[in-house]
Each structure stands twice: as structure tokens, then as C-alpha cells.
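Predicted, not measured: the structure shown is a model, and the values here were computed from it. Heavy atoms only: backbone and side chains are in, while hydrogens, waters and symmetry mates are out. Proteins get letters first, then strands, A, B, ... in listed order; numbering begins at 1 in each.
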2 protein chains.
Amino acid sequence: MTPNKEDYLKMIFELNGTYKKVSNKEIVSGLKVSAASVSEMMTKLVKGGYITYTPYQGVQLTETGIAEASILIRKHRLWEVFLVEKLGYSWSEVHEEAELLEHVTSSTLSERLDAFLGFPEKCPHGDMIPKGTVVVDETVTYPLSALEVGQKACLYKVMDEKELLDYLIELDMHIGESFTLLSIGSYEGPIKIQKENCEIVHISQKAAQHLFVERLA
Amino acid sequence: MTPNKEDYLKMIFELNGTYKKVSNKEIVSGLKVSAASVSEMMTKLVKGGYITYTPYQGVQLTETGIAEASILIRKHRLWEVFLVEKLGYSWSEVHEEAELLEHVTSSTLSERLDAFLGFPEKCPHGDMIPKGTVVVDETVTYPLSALEVGQKACLYKVMDEKELLDYLIELDMHIGESFTLLSIGSYEGPIKIQKENCEIVHISQKAAQHLFVERLA
DNA sequence: GATAAGTTTTAGGTTTACCTAAAAATATTT
DNA sequence: AAATATTTTTAGGTAAACCTAAAACTTATC
């Protein structure tokens with residue numbers, strides 16, 4: 001897919017480069033490029049003032065870097081809302097399309113799109129849509145796998161990964177849906193939850209690690 | 001802007017490469033790249049089977065080339081409709097945005113966009129939107145500059161060029177608008193036309209060469 | 001603390017777009 | 001037809017992404 005500077009910045013952002021150092025290794029697996037390419041790009045991003053770099057330690061976004069990444073993420077998420085709400089895409093299909101659209105979106109276009117969509121707060125996966133270049137505080141969430149039995153929670157966001165999204169559609173689970181954790185299987189067995197309509201759903205441990213929930217009273 | 005193969009094909013199409021040979025020179029000015037670059041790209045397009053090339057004579061699109069170009073033009077024009085009708089752009093602003101969007105539009109996306117827009121027939125500049133890969137016959141039009149005094153005509157399409165489009169907005173002229181030609185100034189003087197609301201408009205000869213009209217009875 | 005394992009960097013090369021400048025081919029003018 | 005002008009091609013180079021393989025550095029293990 002040939003990521004460019006913008007993609008690197010976004011990846012660093014997604015790996016929490018806003019508040020901690022991110023290793024080259026993480027970027028390598030995130031973008032599926034060679035370690036050499038990452039190393040080379042980090043040098044360029046330092047020159048551009050987007051990141052600070054401690055060799056062998058990792059990179060962290062500067063203010064400029066955070067702003068750049070936020071703008072891109074904003075565009076990405078606005079397109080996702082558009083694709084789902086206006087064009088009838090399912091939320092598991094939108095990521096790849098948005099990935100391409102984001103890079104050719106002028107600021108004028110993103111502002112008008114935002115207005116057209118009625119200034120949405122969140123993308124279809126439940127992530128906040130940054131306003132301007134300001135990074136929005138995300139709600140405190142936990143992986144579903146970290147909950148205790150009996151805890152009531154609400155599905156808040158989902159890692160943006162096609163297979164996982166398809167799996168959720170199969171399970172008929174949606175963002176914003178509340179449920180109570182019934183039991184956690186041993187030996188990697190599935191987690192059992194009960195939805196508000198009393199339906200019982202079995203979720204693999206692996207998926208549970210990528211589903212983020214808000215604890216409810 | 002760094003045109004790629006798709007842009008070259010589209011440019012050849014727009015220079016009527018469907019039914020006649022197009023010179024390198026024309027492509028040079030159309031895409032604002034060096035003659036060397038055009039020459040190099042033509043070699044590649046021949047290898048890909050998109051064009052036939054007679055050295056020093058010019059290029060012509062093959063069936064494959066026509067199909068590729070039509071798909072791209074379809075995407076371009078659908079985006080233009082979207083930008084004007086849904087996002088409130090004026091028709092003089094949409095070309096550049098659509099130019100970028102068209103390249104990142106999957107066939108799924110273009111089909112869904114088409115449906116969302118209600119299967120429009122024409123883009124905001126009055127050009128037909130190709131359906132699938134089939135090239136649609138364009139209505140027979142003439143440059144406004146070729147009309148005779150007294151002829152009634154209808155503005156059908158406009159060369160997609162920002163300055164010209166802005167000029168038309170200034171003159172309050174719109175696609176589909178009917179008028180009668182009153183007089184043609186000598187010494188490159190303006191052409192005078194009378195709109196249906198009786199308003200009289202003066203159009204420069206230069207603009208008149210880039211405005212295409214349908215003759216009315 | 002020495003060895004092994006893992007990570008990052010450097011070195012050297014590829015691709016695909018671009019370019020300028022000069023050579024070759026064609027077209028036009030005298 | 002010869003000279004001039006225009007257009008196209010070729011030759012040689014740049015830029016920004018990529019890569020593999022080997023060297024350098026850091027961390028973990030024995």
C-alpha cells in the first residue's frame with residue numbers, strides 16, 4: 001500500500017505516540033514495512049519536526065506531529081461516517097475506503113463533509129472524531145477481557161480490523177450495546193455475556209482483547 | 001500534481017483520442033509535464049495495451065484504454081455531482097477535488113455513490129456521466145463562438161477550467177440556460193447575447209470558444 | 001560478565017514518477 | 001530543395017518511497 005509520511009504519523013498516533021515512546025518494531029508490524037524503511041522515515045520525520053527521536057529508544061510525537069495526525073484521523077473518521085450513514089456500507093467495510101479517501105481530502109472538503117453529516121461526534125467504530133487539531137479526550141475504556149464476572153458494561157469501541165468487525169456482525173453486537181458479563185471460560189474458552197434483550201453471546205478471548213467497553217454502575 | 005497512467009489515459013480521452021490520433025504536444029500542454037515524460041509514458045501505455053502508437057504521429061486509445069478512461073471519468077463526474085449537490089460547492093470549485101477523489105474510488109464506492117445521488121445523467125458542467133464502461137454519445141454541441149447572429153441556443157457544457165467557471169458565475173450564466181445571440185463584436189470584441197429573462201450579457205470571444213451550446217430551433 | 005537473542009541502523013540497490021539538454025526526425029518556410 | 005523551425009526521442013540524473021543483507025548496538029540469559 002506504500003505508506004507515506006502521513007500514514008507513519010497516524011500509525012505513531014495510534015500506537016499512543018502522543019504520550020509515550022513508540023518503538024520502530026511496533027511501527028514495522030503496524031505498517032507492514034521493513035525495519036530499514038521505518039528507520040529511514042523516522043530520520044525524515046525528525047527533520048520535519050513531527051517527532052522527537054532517541055535512537056534505539058523510540059519516537060514520540062511533537063505538538064506539530066499530534067496536530068498532523070489528528071487532522072488525518074478526523075478525515076478518516078468523517079469518511080467512515082459518510083460511508084455508513086449515507087452509502088449504506090457496513091462498519092466492517094469502511095476502513096480501507098476511508099484509508100484512501102483521507103489522503104485526498106482538503107480542509108475545505110472535510111469541513112463541508114462534517115456539516116453535511118451533522119457534526120458527528122464519533123465514527124462508526126465508536127472512536128471520537130477530533131475537532132480541528134485539538135485532540136479529544138477519549139472516554140476511559142477497558143478491554144472486555146479485563147472485566148470481572150457480573151460487571152455491567154457498554155461496548156464503546158472496536159479495533160478497526162476487518163475480521164473482528166465481521167465477527168461482531170455475526171454475533172449481532174453493536175457499539176453502544178449494554179450487557180452483563182456472565183462467565184469467563186478457562187483455557188482460553190469463550191467469554192459469555194448477556195445482552196439487554198437477554199440473548200446470550202459467546203465471545204472468544206482473542207476478540208475480547210480488542211473490544212473496548214465502558215464500565216457501567 | 002504528478003499525473004499517473006490513469007491521468008494520461010483520461011487526458012488522451014479528453015483530447016478525443018477515442019477517434020483520432022493525439023500528439024504528444026497536446027498531452028504536454030494538457031498535463032503540464034515535459035515532452036520527455038510524455039514520450040516515456042506513451043511507451044508504457046503501449047506495453048499495457050491501452051493505446052496504439054505511431055512514432056512521431058500520435059497515440060489513439062484501444063478498447064481497453066477507452067474503458068479505463070471512461071471508468072475514471074465516471075468517478076470524477078459522480079464526485080462533482082456530490083460536491084455540488086450535497087456539500088454546497090459551486091461548480092467552479094469542484095474540479096480539483098474530484099481530480100484527487102477519482103483515483104481512490106473503488107468500483108463499489110462509485111456504484112453506491114451513483115445510487116445515493118439518484119443516478120445522475122450529467123455532471124455539474126453538463127458532461128454526460130458514462131455508465132459502466134460504455135461510452136455515452138455526447139449531444140452534438142458547438143462552441144458559442146461558432147453561432148450566427150439570431151441563433152437561439154442552450155448552454156450545454158463548459159470546459160472544466162476554474163477561471164472560465166468563475167467568469168460564468170460572475171455573468172450569472174448557467175448550464176441549460178437558453179439565450180439568443182444578438183451580435184458578435186469585431187476586433188475580438190465581446191459577443192452579446194440575450195437571456196430568456198431578457199437580460200443582456202457580454203461574453204469575451206475567448207470564453208465563447210470554450211462554451212459549448214446546443215442549437216435550438 | 002560473556003554469550004546469545006533481539007532490535008535498529010547503515011550500505012547499496014530497485015522502482016516509478018519526474019526533469020534538462022542534446023540528438024534525431026518531421027514539418028514548414030523561403 | 002535547402003534552411004529553419006517544431007516536435008519527438010534518447011541519454012543521463014533526481015527524488016521518494018521501497019527492499020535485502022550485513023553491521024552495530026541493546027537487552028536478556030546463563
> If you look only at pairs with a residue in residues 9-19 of chain B, which of them pass as a salt bridge (Lys or Arg N to Asp or Glu O under 4.0 Å), with sequence neighbours excluded?
Replying inline: B:Lys10-B:Glu99, B:Lys10-B:Glu102
> Mind checking what makes salt bridge (Lys or Arg N to Asp or Glu O under 4.0 Å) contact with A:Asp7, not counting sequence neighbours?
Replying inline: none
> Excluding sequence neighbours, so at least two apart, what forms salt bridge (Lys or Arg N to Asp or Glu O under 4.0 Å) with A:Glu170?
Replying inline: none
>> According to ring pair (Phe, Tyr, Trp, His ring centres under 6.0 Å), who are the partners of B:His125, at least two apart in sequence or on a separate chain?
In response: none
Please check the phosphate of [N] (OP1 and OP2 only) for any side-chain N or O of [X] closer than 4.0 Å.
X       : N      : answer
A:Thr2  : D:dA17 : no
A:Lys44 : D:dA17 : yes
B:Tyr8  : C:dT16 : no

Rounded to whole Å, please give me the gap between [atom1] in [X] and [atom2] in [N].
X       : N      : atom1 : atom2 : value
B:Lys32 : C:dT20 : NZ    : P     : 16 Å
B:Leu31 : C:dC19 : CG    : C1'   : 15 Å
A:Leu45 : D:dA16 : CG    : P     : 13 Å
B:Lys5  : C:dT15 : NZ    : P     : 13 Å
B:Asn4  : D:dA17 : CG    : P     : 16 Å

> Going by the side chain to side chain donor-acceptor pair (under 3.5 Å) test, which pairs reach into residues 42-51 of chain A, not counting sequence neighbours?
Replying inline: none
> Within 45° of the six-membered ring axis of B:Phe116 and under 6.0 Å from that ring's centre, is NZ or CZ of B:Lys86 located there?
Replying inline: yes
>> I'd like to compare against my own output: the B/S/- annotation of nucleotides 6-12 of chain C with a strict under-4.0 Å heavy-atom distance to protein.
In response: -SBBB--
